[in-house]
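What follows is a short report on a single structure.
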Protein chains: 2
Amino acid sequence: MAKVTLQDVAAKAGVSIALVSYVLNGVKKDRISKETAERIQQAIKELDYRPNYLARSFKKKKTFNIGLLVADIANPFSSQLARIVGNEAEAAGYTITIGSSDESATRFEKLVRSSLDRQVDGFILAAPEGSESILEYLKNEHIPVVIIDRYFPTIKINSVAVDNYESSRCAMDEFAKLGKTNIAIIGYQTQLHHLNDRIRGAVEGMHPAMVEPIIKYISEANIEADMEDTIGLLMHQGINGFFFASNKLGESGLRHLITNGARIPDDIAVISFDGTDAYNFYPNAIGCIRQPLAEMGSQAFQLLLKQIENPSMPVKQIVLKTSFSYTKPIKSQL
Amino acid sequence: MAKVTLQDVAAKAGVSIALVSYVLNGVKKDRISKETAERIQQAIKELDYRPNYLARSFKKKKTFNIGLLVADIANPFSSQLARIVGNEAEAAGYTITIGSSDESATRFEKLVRSSLDRQVDGFILAAPEGSESILEYLKNEHIPVVIIDRYFPTIKINSVAVDNYESSRCAMDEFAKLGKTNIAIIGYQTQLHHLNDRIRGAVEGMHPAMVEPIIKYISEANIEADMEDTIGLLMHQGINGFFFASNKLGESGLRHLITNGARIPDDIAVISFDGTDAYNFYPNAIGCIRQPLAEMGSQAFQLLLKQIENPSMPVKQIVLKTSFSYTKPIKSQL
DNA sequence: ATATGATGTTTAATCGTTTAAACAAATTTT
DNA sequence: AAAATTTGTTTAAACGATTAAACATCATAT
């Protein structure tokens, strides 16, 4: 019942543990006699030997485990990312340990520390507001890191993100096409650059025919109440185009637009940066800026892997393109 | 730059590594002189020493890591569970490693094996169809396990689940209240007992006034197409009550009910076992059997913890109650 | 004065691997 | 036939912690 170790295999095959290890890892292949190798393989099979990865990791100082710290694991953006990174990692023989910072820098730092204590080989991080110092620390310690979804202009560090500014700017063309000229831009009250880029992009994407947009900042801790107030107010100000800067904002905003009797898209057009499954339940077409999640996850992991294998790799900041499309509303036959 | 070890701390404090370890772990408190202890604490702080958990786990044969294998990490049921278990674990000083079997027994076994190789202290498992043999194996090896959400009648093993049969049976009373008598029951084509219990419960929950229910089995691999056919067919058979046996079935079913022009709940009432966020976007009230996710996760972890601490603990099978409620549809002011 | 006990600290083995270095035996080169 | 090389295998140290046991030193009881 006790765990089978190299020792047991070696005893059974009548060789030293070193030889078993060599066979197991395929090193010194040319030096080991065919018969011995076979005998060892046989013993491994018969005893159903399974290496103790803990011992191996300990000795080799490599855990094949990476820390993935997302912003909010309950958000489909995060959970899908986790799934993609997980698959990518598995294919490369790595496992991931997922943590959710819930956008708290304190919690984030705690998670980073605890992952470090567990000797992760690297990190993929959706770092929250105020996490610059811990990122600097990781950089100084030469710990492989890839920032995902976000970026921090003051820190030169590997990252994978989308072009938030440009995507938002272009989305305004859609409002223009539909003849919407009174635009409201709903964003978070935040210091995160990638989110503020969305606002900036939208603002600077206004067409000449449009009036000065109204910008509202929602507090993340209080989305529902804030949104209710905001939408209620704006409905009486002739807004005919809403731009929501995140999937959660859009979800909440849409709900309140409906309760306020908005007719979408005839009276009011809606564009959201990213979406959720719930959008597909909505009876009207919503414009969505789609993020290439699969590519983000895959690129982030590959970049991290390169960095793990070559710690002195020059910093690489990958910016991916988004795509734009409308949801296909379910049309009732009634 | 190199990692600070006990060795370094010991050298700095001018003591042996054993003493540092004792201070670190708070053992032999009464034997260590106050001055030495302070000197060591000082050295720990000055060097910013952080224990190598890998080494510790290796020595103590305890990783404080548990494997959480869910059915499908993309399903909110799974991801929320992961979040809850993760928090519960964190509070107890454990980490979790999440895997998604995607309901494949082969993949499930692979994940279990790989977690074992990494020396997890135990498992919380949403075991898929056909995983009995690997569960037996875990049981025989006395590896702490808690099955969650499901159960396997042939295996006596710790579990936390809801009363699927009773919940479904009682849900039929709702149809009765609404005067719905022609019920369609939509389930998965599966061998999983907890899912079939839902069907059985619904069937045996029929009221005398109801006609024999129609039961349809959807293939999980092909939900959308199967559901389209099924709903299309049933709409012409005078069905006025739909019971969906899972959140995903309900989501898909609702979509197709809308496209088929169903008027909910006037003509057709809908009850679903569990729901998703998308349900809240739906303009009509949907009956939902709600699972006590937080309690499931918490109980599962606590049960596992007890088992880890006392491996000879008698098997405990926890059955939790569900609750029933309708979604609050968003009403347009139009 | 000597045995006994308490106090404070160190020694050394151990966990299961990996891997450089040493070694012995067989083979090839001089 | 001695030297050099190749082939096949073993020895032993190391990774960073834990912990039982040993060891001093000092205080107290006899």
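Throughout, protein chains are lettered first and strands after them, A, B, ... in sequence-line order, and every chain is numbered starting at 1.
- Between B/Thr5 and D/dG16 there is no side-chain N or O to OP1 or OP2 distance below 4.0 Å.
- For the OP1/OP2 pair of D/dT9 and a distance below 4.0 Å, the side-chain nitrogens and oxygens of A/Ser33 include at least one atom meeting the criterion.
- Of all nucleotides listed (C/dG8, D/dT18, C/dT18), C/dG8 comes nearest to the side chain of B/Arg31.
- Under the side chain to side chain contact (heavy atoms under 4.5 Å, CB included) criterion, A/Thr106 pairs with A/Ser104, not counting sequence neighbours.
- Listed pair A/Asn52 / C/dC15 fails the phosphate criterion, with no side-chain N or O lying under 4.0 Å from OP1 or OP2.
- Taking atom CZ on B/Arg118 and atom C1' on C/dG16, their separation rounds to 16 Å, with Å as the unit.
- For the pair B/Ser16 and A/Val27, nearest-nucleotide mapping onto DNA chain C gives the more 5' position to B/Ser16.
- For the pair B/Lys62 and B/Phe64, the cation-pi criterion (under 6.0 Å, within 45° of the ring axis) is fulfilled.
- Taking for each of A/Leu6 and A/Lys28 the nucleotide of DNA chain C with the nearest heavy atom, the 5'-most of the two is the partner of A/Leu6.
- Within the 4.0 Å cut-off from OP1 or OP2 of C/dT18, at least one side-chain nitrogen or oxygen of A/Arg56 is found.
- Using bins of under 30°, 30° to 60° and over 60° for the plane-to-plane angle, the ring pair B/Tyr94/B/Phe301 lands in the perpendicular bin.
- At least one donor-acceptor pair closer than 3.5 Å links the side chain of B/Asp8 to the backbone N or O of B/Thr5.
- Applying side chain to side chain contact (heavy atoms under 4.5 Å, CB included) to A/Val70 and the options A/Ser79, A/Ser78, A/Ser101 leaves one that passes, A/Ser78.
- One can place CZ of B/Arg50 at 17 Å from P of D/dG16, the figure rounded to the nearest angstrom.
- Distance A/Leu19 CG to C/dT18 P: 13 Å, rounded to the nearest Å.
- Distance, B/Ile17 CD1 to D/dA14 P: 14 Å, rounded to whole Å.
- Neither OP1 nor OP2 of D/dG16 sits under 4.0 Å from any side-chain N or O of B/Tyr49.
- Axis angle, first five pairs versus last five pairs of the helix from C/dA1-D/dT30 to C/dT30-D/dA1: 70°, rounded to 10°.
- The side chain of A/Ala18 lies closest to C/dT19, out of C/dT17, C/dT11, C/dT19.
- Among the atoms of the strands shown, only primed sugar atoms or phosphate atoms (P, OP1, OP2) are found under 4.0 Å from some heavy atom of B/Thr36.
- A salt bridge is absent between B/Lys45 and B/Glu38; no separation between the charged side-chain nitrogens and carboxylate oxygens falls under 4.0 Å.
- Residue B/Leu24 is out of contact with every strand shown, counting any heavy-atom pair closer than 4.0 Å.
- Going from atom CG of A/Leu54 over to atom P of D/dA17 covers 14 Å, rounded to whole Å.
- When the side-chain nitrogen and oxygen atoms of B/Ser21 are compared with OP1 and OP2 of D/dT18, one or more of them lie within a distance under 4.0 Å.
- C/dT17 has no stacking from A/Phe58 on its base ring, since the centres under 5.5 angstrom apart and planes within 30 degrees of parallel are not both found.
- With hydrogens and angles left out, the side chain of B/Lys59 and the base of C/dT14 share a donor-acceptor pair within 3.5 Å.
- In the model, A/Asp117 has no side-chain atom that pairs as donor or acceptor with a side-chain atom of A/Ser115 under 3.5 Å.
- Contact annotation: side chain of B/Tyr22 to base of D/dA17, donor-acceptor pair absent below 3.5 Å.
- Among the atoms of the strands shown, only primed sugar atoms or phosphate atoms (P, OP1, OP2) are found under 4.0 Å from some heavy atom of A/Val15.
- In this structure, A/Arg113 is positioned above the aromatic face of A/Tyr137, its NZ or CZ under 6.0 Å from the six-membered ring centre and within 45° of the axis.
- Among the protein residues, A/Lys61 comes within range of the sugar-phosphate backbone only, with heavy atoms under 4.0 Å from sugar or phosphate atoms but none that close to a base.
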